[in-house]
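In what follows, a single structure is set out as structure tokens and then discussed.
Source: prediction; values computed, not measured. Keep in mind that the numbers below use all heavy atoms, side chains included, and drop hydrogens, waters and symmetry copies. Here is how names work: the chains are called A, B, and so on, in the same order as the sequence lines, proteins then strands, and each is numbered from 1.
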2 protein chains.
Amino acid sequence: MKRNTWQREAVRAALADAGGFVSAQALHASLREGGSTIALATVYRTLTGLADEGEADSLQQEGELLYRACTPGSHHHHLICRRCGTTVEIEAQPVEEWARRTAAEHGFTRAEHVVDIFGLCARCTELADRASRP
Amino acid sequence: MKRNTWQREAVRAALADAGGFVSAQALHASLREGGSTIALATVYRTLTGLADEGEADSLQQEGELLYRACTPGSHHHHLICRRCGTTVEIEAQPVEEWARRTAAEHGFTRAEHVVDIFGLCARCTELADRASRP
DNA sequence: CGGCTTATCGAGAACGGTTGTCAAAACCGT
DNA sequence: ACGGTTTTGACAACCGTTCTCGATAAGCCG
């Protein structure tokens with residue numbers, strides 16, 4: 001049976017707080033900073049669990065797994081700021097259809113797709129421009 | 001200055017031979033099998049180099065980096081068989097445009113996107129079906 | 001409420017892929 | 001062929017993640 005522990009809730013809350021993609025380690029650090037005594041392994045376990053149950057999205061960037069709280073059950077993609085991690089959920093019916101059609105055309109079945117856009121959000125763009133051209 | 005070594009050529013050849021996405025370790029193993037004395041670190045370095053120069057594509061799956069020889073200079077995406085690693089290069093202007101437009105709409109700049117489709121190729125689909133319903 | 005069962009936790013060790021270090025070897029313009 | 005510089009190979013170090021295992025506590029049941 002699945003149990004409810006304060007650790008699980010703490011991770012859920014911290015993830016919701018983050019508002020963008022964060023690594024397990026970063027989440028652990030911020031929890032510790034907030035006075036929690038939660039263990040790193042627990043954060044990893046909980047995040048994996050949340051991702052399995054569809055309460056979190058995950059993606060790999062530069063060799064580490066990032067997680068983000070997400071609206072459960074809905075299929076969507078992300079627009080992610082490379083610098084600050086801010087994330088926008090986006091829907092993309094045209095892409096969904098394109099993916100399905102392309103897979104079928106080549107005889108592929110059980111197709112899933114990865115569609116993410118990385119860039120600099122408006123704020124970070126401004127900051128970067130100011131820094132490079134003072 | 002950049003130099004040409006037999007190791008570099010060996011990696012290039014092995015990568016072309018593979019015909020799909022392979023891990024650095026797998027490539028190293030197959031090179032060794034073929035009698036080469038190339039070191040693992042060299043395979044890693046060479047693959048990173050090839051990817052930088054646009055001679056290879058790379059993606060992350062289950063915590064490891066996979067590489068594949070690709071037609072240099074062209075921007076394209078992949079349709080990848082989860083089981084056997086076979087890969088088809090696909091072009092997707094509609095998706096390119098969609099990505100550019102979506103990023104711009106949200107004020108994002110310097111946008112890059114990741115678009116890959118994973119599934120089972122025709123051959124593996126047949127094999128899987130046969131196995132599950134004998 | 002007070003046991004009892006068993007999932008979950010914490011601490012640290014283990015693991016696997018990747019990258020760094022540095023002396024020795026190879027490359028290439030001269 | 002020579003000499004400066006890059007690249008290699010062997011191995012250690014790294015880093016994120018997972019495993020192990022005794023301790024802890026959640027939830028059920030009387």
*Sugar-phosphate atoms are those with a prime plus P, OP1 and OP2; base atoms are the rest. Using that split, label each nucleotide of nucleotides 25-30 of chain C B, S or - for protein heavy atoms under 4.0 Å, 5' to 3'.*
-BBS--

*Examine L66(B) and V114(B) and state if one hydrophobic cluster contains both, with Ile, Leu, Val, Met, Phe, Trp and Tyr joined whenever side-chain heavy atoms are less than 4.5 Å apart.*
yes

*Please state how far atom CD in Q61(B) lies from atom C1' in dG17(C), giving the value in whole angstrom units.*
15 Å

*Compare every heavy atom of L120(A) with every heavy atom of A128(A), then report the nearest pair and how far apart it is.*
CB-CD1, 4.4 Å

*Which pair of non-hydrogen atoms, one from C81(B) and one from C121(B), has the smallest distance, and what is that distance?*
SG-N, 3.4 Å

Which pairs of donor and acceptor atoms, one on a side chain in residues 30-43 of chain B, lie under 3.5 Å apart (sequence neighbours left out)?
unit_1, atom_1, unit_2, atom_2, d
S30(B), OG, L27(B), O, 3.1
R32(B), NE, H28(B), NE2, 3.4
R32(B), NE, I38(B), O, 3.0
R32(B), NH2, I38(B), O, 3.0
S36(B), OG, I38(B), N, 3.2

*Between dG17(C), dG9(D), dG10(C), which nucleotide has the shortest distance from any of its atoms to the side chain of A39(B)?*
dG9(D)

_Nearest-nucleotide comparison on DNA chain C, the residue closer to the 5′ end among L40(B) and L40(A)_ = L40(A)

*Whole Å only: how far is the CG atom of L66(B) from the C1' atom of dG17(C)?*
12 Å

_Minimum-distance pair of heavy atoms, taken over all atoms of C124(B) and R83(B)_ = SG-CB, 3.8 Å

*Using the closest heavy atom to pick a nucleotide of DNA chain D for each, name whichever of L65(A) or I38(B) lands nearer the 5' end.*
I38(B)

*Quickly work out the E9(B) CD to dT8(D) P distance and round it to whole Å.*
11 Å

*Using heavy atoms and a sub-4.0 Å distance, could you list which residues of residues 21-37 of chain B are near DNA chain C? By number, please.*
Q25(B)

*Given side-chain contact (heavy atoms from CB on, under 4.5 Å), test V11(A) with Q7(A) step by step and report yes or no.*
CA-CA 6 Å; V11(A) 170; Q7(A) 288 94 335; 5.7 Å; no

*Does the T87(A) side chain pair with the main chain of G85(A), one donor and one acceptor, at a distance under 3.5 Å?*
yes

_Helix axis bend for the helix from dC1(C)-dG30(D) to dT30(C)-dA1(D) - C1'-based end axes, five pairs, 10° rounding_ = 40°

*asked:* I'd like to know whether I80(B) forms a side-chain contact (heavy atoms from CB on, under 4.5 Å) with T86(B), so could you lay out the CA-CA distance, the side-chain angles of the two residues, the decisive distance to 0.1 Å, and finally the verdict.
replied: CA-CA 6 Å; I80(B) 304 139; T86(B) 301; over 6 Å; no

*Would you mind listing every side-chain hydrogen bond (donor to acceptor under 3.5 Å, both in side chains) that reaches into residues 8-19 of chain B, with sequence neighbours excluded?*
R8(B)-E53(B), E9(B)-R12(B), R12(B)-E55(B)

*Separation of atom CD in Q60(B) from atom C1' in dT18(C), rounded to whole Å*: 11 Å

_Does anything in residues 43-51 of chain A come within less than 4.0 Å of DNA chain D? Heavy atoms only, and list the residues if so._
Y44(A), R45(A)

Review item, nucleotides 11-13 of chain D N/O atoms under 3.5 Å of protein N/O:
none

*Using the test side chain to side chain donor-acceptor pair (under 3.5 Å), find all partners of E97(B) that sit at least two apart in sequence or belong to another chain.*
none

*Might you work through the side-chain contact (heavy atoms from CB on, under 4.5 Å) test for F108(B) and L79(A), ending with a clear yes or no?*
CA-CA 8 Å; F108(B) 275 61; L79(A) 182 52; 3.9 Å; yes

_My understanding is that only residues two or more places apart in sequence, or in another chain, count here; which of them pass ring-ring contact (aromatic ring centres under 6.0 Å, His included) with F21(A)?_
H78(A)

_side chain to side chain donor-acceptor pair (under 3.5 Å) partners for Q61(B), two or more places apart_ = none

*Starting from P on dA26(D), measure out to CZ on R8(A) and report it in whole angstrom.*
14 Å

_side chain to side chain donor-acceptor pair (under 3.5 Å) partners for R82(A), two or more places apart_ = none

*Between the side chains of H77(B) and E96(B), is a donor N or O closer than 3.5 angstrom to an acceptor N or O?*
yes

*How would you list, by chain and number, every residue that makes a salt bridge (charged side-chain N to carboxylate O under 4.0 Å, His left out) with E89(B), sequence neighbours excluded?*
R68(B)

